[in-house]
Amino acid sequence: MNLDMSDEIPDAHRAIFDVVARIPRGRVASYGEIAARAGLPGRARMVGKVLGLAPDDRPLPWFRVLRSDGRIAFPPRSAPYREQRARLIEEGVRVVAGRVDIKAFGWERDLDRELWGHP
DNA sequence: AGCGTGACAAGGT
DNA sequence: GACCTTGCCACGC
């Protein structure tokens, strides 16, 4: 019956992976927004935990997930911090002092544009 | 069960 | 903006 250890990757985890995988290139979203879109309102902290478990063979754009205020969640100067910053910049997202302007690069902004054709 | 910890969030100083 | 405090949720001890 059951397989090895990863017997059952909880639906919640899969839902989170799916949402993160849909963040458009060049855009960012907050942990809370990911949780909400995954049908897990209030579980922002779970998103961070799950992303940490993300298997390497799954090319997940984890670096597009930031805190609600646009700041990178890792300690400045840490290895993951630097990688996230680099990968964001690589795809055109401006990172100033470890922070991204959500109003300019937030995923939500796409919806706003669709709904009422805004810049 | 209680307590500390963390890739969080929101509100106040 | 930088900090602090509360509220949250998931885990481990």
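Protein chains get the first letters and strands the later ones, always in sequence-line order, with residue 1 at the start of each. Only this structure's heavy atoms are used, side chains among them; waters, hydrogens and symmetry mates stay out.
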Full working for side chain to side chain contact (heavy atoms under 4.5 Å, CB included) between A:Ile34 and A:Ile23: CA-CA 9 Å; A:Ile34 298 302; A:Ile23 306 175; 3.8 Å; yes
Per-nucleotide protein contact string for nucleotides 8-13 of chain B (B base, S sugar-phosphate only, - none; heavy atom under 4.0 Å): BSS---
Whole-Å gap separating C1' (C:dC9) and CD1 (A:Ile16): 11 Å
Donor-acceptor contact present, side-chain A:Gln84 to main-chain A:Val65, <3.5 Å: yes
Electrostatic pair A:Glu90:A:Arg85 at N-O distance under 4.0 angstrom: no
A:Arg82 side chain to A:Arg77 backbone, donor-acceptor under 3.5 Å: yes
A:Asp18 with A:Arg14: basic N within carboxylate O range, under 4.0 Å: yes
Whole angstrom value for the distance that separates C1' of C:dC11 from NE2 of A:His13: 11 Å
DNA chain B-proximal residues of residues 78-96 of chain A, any heavy atom under 4.0 Å: none
Rounded distance (Å) that lies between atom P of B:dA7 and atom CG of A:Leu40: 19 Å
Between C:dG12 (P) and A:Leu53 (CG): distance, integer Å: 10 Å
Lys/Arg cation over aromatic A:Trp107: A:Arg37, 6.0 Å, 45° cone: yes
Connected via hydrophobic side-chain network under 4.5 Å: A:Ile89 and A:Leu66: yes
Spacing of the P atoms in C:dG7 and B:dA7 (rounded, Å): 22 Å
Ion pair check, A:Glu108 and A:Arg27, cut-off under 4.0 Å: no
